[in-house]
> 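Before anything else, here's the structure in question.
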Amino acid sequence: MNHPGSMRTIAGNAVVIAALLAIAGLLLRLHLGQDGWQPTPLPARRWIALAAVLGYVAGCLALWWRARPRPDEPGDSGEPPLLVAWASQTGFARQLAGHTAQSLRDGGCRVRLRALDQVDAALLAGTRKALFIASTTGEGDPPDHALAFLDQVMRQAPALPALQYAVLALGDRSYADYCAFGHRLDDWLRGQGAQPLFDTVDVDNADPAALRHWQQLLGQFGDGRVQADWSPPDYQPWVLRARTRTNPGSVGGPVFQLCLQPADGALPAWQAGDIAEIGPRHAPATVEQWMRAHALDPATTLADGRALRELLAAARLPEAIDGSAPEAIAAALQPLPHREYSIASLPSENHLRLLLRRQSHPDGTPGLASGWLCDHATIGARIDLRLRANPNFHPPAGDAPLVLIGNGTGIAGLRAHLRARIDAGARRNWLLFGERHRAHDFHFGDELEQWRRDGGIEHLDTVFSRDGGPHRYVQDVLAAQAGRLRRWVDHGATVLVCGSLQGMAPAVDAVIAQVLGREPKEQLVRERRYRRDVY
């Protein structure tokens, strides 16, 4: 079958050729009207001939421009581009959509960037992944230009079972209908059968921490590289007090538990579910090797006494430098992008605890942030850290039942929730946890078992994929406990999921939808009783 663009090209060329033949016919009549053939054309005829040639060239260029392959359009094969759609009243959402699209392109994604009023049902049906940046204006209203999408697309209610999406909702918490249009868009997409990639990210008055979280989530697409922060965190100095490997002998990557405290002052406040933003650093040997490769003395200092190697450790190492003046090099440095980790402890425990797995590149070398925290940072070393509130994953109010589901290092955030619940006297807690081997990978295992014996955990279901048994993954255990899940939800339970975005989270989501039904599951989302912190 002919490609539509090819047919348009053929038709356009035919029109241009017909026009040229018509011009040639006019020229021939002019020649035939003379007493004899003139070997040298008259000036007027020269201009006519030149215009014909220029017209042909312009027509060909116009046709090529229209038919050229565009980076934001699908080719003849492969996955369609990732759609980034924005709804903006003041221009801020549009600006963020541009940043989002550029970050995705830098990560190797093909992107289609559109205003929401330029998105129709056919485009949505042909898209596999979409990101929506949606502002709310007035009293929970959509931006003016988005009304066309509501009238022409949302009222059609097209089925979108093949679409995966995420929403960045912009709003102002001082209004009663906070981020209302973003949530309305999320509800509508879910109702059409689209699958959320992760929970909606709410942004209160351009909160830079929420925007950094959105940018961190963008690393799930493309080649996974985290781009430079749009707004670098205002780090505070913390100190690494202890580091212990928790899974010696595991077939998986090494997992470490870290304990940190502020370098100065009292421990700040945070809640279960909150996040630690870490500013990673290069290993000292990496910085020294770079400096020697660029003919710089590792002992180089700036005029104010700061060591150049310390500034380089927290920055992207340039491929080339213009000159060797330390001040000029320092002024051109870009900070390394932050990394996010769930906090596993509460302030009442007098330290901030993290649980993280050392990541590795394909060549076996450790990842930048995890390598710094797990291998290179010495005990007593300064750690750049900023706390980020994560209201979407805060504990539910009161003592209603709580179901916690996670795998791997996702147990970190769930452990903080359990600690908070036990301290508050809330005993109806059900934890489902999965890993590889019980003997090596049962993080916080002794503590969790003790809480179960003491009644702080009513049900503790664990599954270890490499140990055999009737179930392999945490979603399998959840499916086997379908009756209990229905009873707990009927009794008002909130469900919190923490762990891997690839594999575990969508599989658990599918089980919940199968056990409860799609509409009851969506009702849990609307009631804020089903929440996820996935990565």
> Rounded to the nearest 0.5 Å, what's the gap from OG on S250 to CG on D441? Could you check?
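Output value for this atom pair is 3.5 Å.
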> Using salt bridge (Lys or Arg N to Asp or Glu O under 4.0 Å), reason through R438 and E449 one step at a time and then give a plain yes or no.
CA-CA 12 Å; R438 174 180 286 272; E449 290 285 8; 3.7 Å; yes
> Do the charged groups of R388 and E340 touch, with an N to O distance under 4.0 Å?
yes
> So for atom CD, which belongs to E447, do other residues, nucleotides or ligands contribute more than 12 heavy atoms lying within a distance under 6.0 Å?
yes
> State whether the number of non-hydrogen atoms from other residues, nucleotides or ligands found under 6.0 Å of D454 atom CG is greater than 12.
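More than 12 within 6.0 Å, yes.
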> Determine whether the aromatic ring centres of residues Y178 and H183 are separated by less than 6.0 angstrom.
no
> Using a 3.5 Å distance criterion without hydrogens, assess whether the side chain of T494 forms a donor-acceptor pair with backbone atoms of P396.
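Flag not set: sc T494 to bb P396 has no pair under 3.5 Å.
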> If you count the non-hydrogen atoms of other residues, nucleotides and ligands that lie under 6.0 Å from NZ in K521, is the total more than 12?
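Count over threshold, so yes.
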> Applying salt bridge (Lys or Arg N to Asp or Glu O under 4.0 Å), can you list everything that pairs with R212, at least two apart in sequence or on another chain?
E277
> Search all heavy atoms of W451 against all heavy atoms of L418 and return the closest pair with its distance.
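The pair with the smallest heavy-atom distance is CZ3-CB, 3.7 Å.
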> Could you walk me through whether D399 and R428 pass the salt bridge (Lys or Arg N to Asp or Glu O under 4.0 Å) check?
CA-CA 7 Å; D399 60 354; R428 293 217 64 194; over 6 Å; no
> Minimum heavy-atom separation for V203 and D207, please, with both atom names.
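Minimum heavy-atom separation between V203 and D207: CG1-N, 3.5 Å.
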> Under 3.5 Å, side chain of T136 to main-chain N/O of A180, donor-acceptor pair present?
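Answer holds: yes.
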> Without hydrogens or angle criteria, can the side chains of T100 and W86 be said to hold a donor-acceptor pair below 3.5 Å?
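No.
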> Apply the side-chain contact (heavy atoms from CB on, under 4.5 Å) test between L131 and each candidate in L83, L104, V167; give the one that qualifies.
L104
> How are the rings of F464 and F442 set to each other: parallel, tilted or perpendicular (split at 30° and 60°)?
perpendicular
> Side chains of W372 and I383, heavy atoms from C-beta outward: is any pair under 4.5 Å?
yes
> Without swapping roles, check the side chain of R110 against the backbone of E79 for a donor-acceptor pair under 3.5 Å.
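Yes, because the side chain of R110 sits within donor-acceptor range (under 3.5 Å) of the backbone of E79.
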> Working note: R281 + E310, criterion salt bridge (Lys or Arg N to Asp or Glu O under 4.0 Å); need CA distance, chi angles, decisive distance, verdict.
CA-CA 9 Å; R281 300 174 72 86; E310 292 300 318; 2.8 Å; yes
> Just do the side chain to side chain contact (heavy atoms under 4.5 Å, CB included) check on F393 and C498 with the steps written out, would you?
CA-CA 9 Å; F393 209 64; C498 189; 4.0 Å; yes
> With R353, which residues qualify under side-chain hydrogen bond (donor to acceptor under 3.5 Å, both in side chains), at least two apart?
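By the side-chain hydrogen bond (donor to acceptor under 3.5 Å, both in side chains) rule, R353 matches Q257, H351.
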> Crowded around R386 CZ? As in, over 12 foreign heavy atoms under 6.0 Å?
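More than 12 within 6.0 Å, yes.
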> Heavy atoms, side chains only, cut-off 4.5 Å: are F256 and P254 in contact?
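Sidechains of P254 and F256: in contact.
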> Do R529 and V489 come close enough that some side-chain heavy atom pair is under 4.5 Å?
yes
> Going by distance alone, is a donor N or O of one side chain under 3.5 Å from an acceptor N or O of the other, for N392 and R528?
yes
> Inspect the contact between E349 and R415 and indicate whether a charged nitrogen and a carboxylate oxygen are less than 4.0 angstrom apart.
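Judged by the 4.0 Å cut-off on N to carboxylate O distance, R415 and E349 do form a salt bridge.
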> State, to 0.1 Å, how close S88 and A93 come at their nearest heavy-atom pair, and which atoms those are.
OG-N, 3.4 Å
> Ignoring hydrogens, what is the shortest heavy-atom contact between F181 and A87? Give both atom names and the distance.
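What the structure gives for the nearest pair is CE2-CB, 3.9 Å.
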> Out of curiosity, T462 OG1 to H471 NE2, how far, rounded to the nearest 0.5 Å?
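Reported value, rounded in 0.5 Å steps: 11.0 Å.
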> Quick check: does any side chain N or O of T127 sit under 3.5 Å from a backbone N or O of K129, one acting as donor and the other as acceptor?
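Judged by distance alone, no pair lies under 3.5 Å.
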> Please name all residues satisfying side-chain contact (heavy atoms from CB on, under 4.5 Å) with H394, sequence neighbours left out, ordered by chain then number.
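With sequence neighbours excluded, H394 shows a side-chain contact (heavy atoms from CB on, under 4.5 Å) to Q271, D274, P391, given in chain and number order.
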> If we check ring-ring contact (aromatic ring centres under 6.0 Å, His included) with W230, which of these qualifies: H213, H99, H338?
H99
> Within the 4.5 Å heavy-atom criterion, are L404 and F433 side-chain neighbours or not?
no
> Which atom names give the shortest non-hydrogen contact between A426 and N429, and what distance separates them?
O-ND2, 2.9 Å
> Side chains of H437 and D467: any donor to acceptor distance under 3.5 Å?
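Yes, side-chain donor-acceptor contact under 3.5 Å.
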> What's the spacing between L354 CG and L385 CG if we round to 0.5 Å?
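So the CG of L354 and the CG of L385 are separated by 7.0 Å.
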> Would you mind reporting whether R452 and L460 have side-chain heavy atoms less than 4.5 Å apart?
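The answer is yes; the side chains approach within 4.5 Å.
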> Mind listing the closest non-hydrogen atom pair of R316 and L333 along with its distance?
O-CD2, 4.2 Å
> Quick one: are Y530 and E522 in side-chain contact, heavy atoms under 4.5 Å?
no
> Going by atom types alone, do Q450 and D446 pair a side-chain donor with an acceptor below 3.5 Å?
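Distance-only check fails for Q450 and D446.
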> Verify, without hydrogens or angle tests, whether R241 (side chain) and C259 (backbone) share a donor-acceptor contact under 3.5 angstrom.
no
> Just verifying a value: how many Å separate L317 CG and T286 OG1, rounded to the nearest 0.5 Å?
8.0 Å
> Are any of the side-chain heavy atoms of D229 and P335 separated by less than 4.5 Å?
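Of all side-chain heavy-atom pairs linking P335 with D229, none is under 4.5 Å.
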> Side chains of T409 and Y341: does their closest heavy-atom pair fall under 4.5 Å?
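No, every pair of side-chain atoms sits at 4.5 Å or beyond.
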> Counting N and O atoms only, with roles assigned by atom type, does the side chain of W290 sit under 3.5 Å from a partner on the main chain of P318, one being a donor and the other an acceptor?
yes
> Main chain of L258, side chain of R243: is a donor-acceptor contact present, judged purely on distance under 3.5 Å?
no
> In this structure, are over 12 heavy atoms from other groups packed under 6.0 Å from E319 atom CD?
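At most 12 heavy atoms, drawn from other residues, nucleotides or ligands, come within 6.0 Å of this atom.
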> Can you tell me if H282 uses its side chain to pair, donor with acceptor, with the backbone of A315 under 3.5 Å?
yes
> Between the main-chain N or O of W488 and the side-chain N or O of W430, is there a donor-acceptor pair closer than 3.5 Å?
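No, the answer is negative, given that no donor and acceptor are paired below the 3.5 Å cut-off.
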> I'd like to know if the side chain of Y473 pairs up with that of N407 as donor and acceptor (distance under 3.5 Å, no hydrogens or angles considered).
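There is no such pair (donor and acceptor under 3.5 Å, judged by atom type) between the side chains of Y473 and N407.
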> My understanding is that only one of R466, R357, R472 makes a salt bridge (charged side-chain N to carboxylate O under 4.0 Å, His left out) with E435; could you say which?
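So the option named by the test is R357.
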> Does D199 come within less than 4.0 Å of R532, counting only side-chain N to carboxylate O?
yes
> For the CD1 atom of I512 and the CG atom of L485, what is their distance to the nearest 0.5 Å?
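That separation rounds to 6.5 Å.
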> Please round to the nearest 0.5 Å and tell me the distance separating atom CG of L82 and atom CZ of R128.
12.5 Å
> Just checking, R382 and W238: is the charged tip under 6.0 Å from the six-membered ring centre and within 45° of the axis?
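No cation-pi geometry.
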> So does D490 pair up with R486, basic N to acidic O under 4.0 Å?
no
> Please check this pair: side chain of D533 against backbone of L414, looking for a donor-acceptor N/O pair closer than 3.5 Å.
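Judged by distance alone, no pair lies under 3.5 Å.
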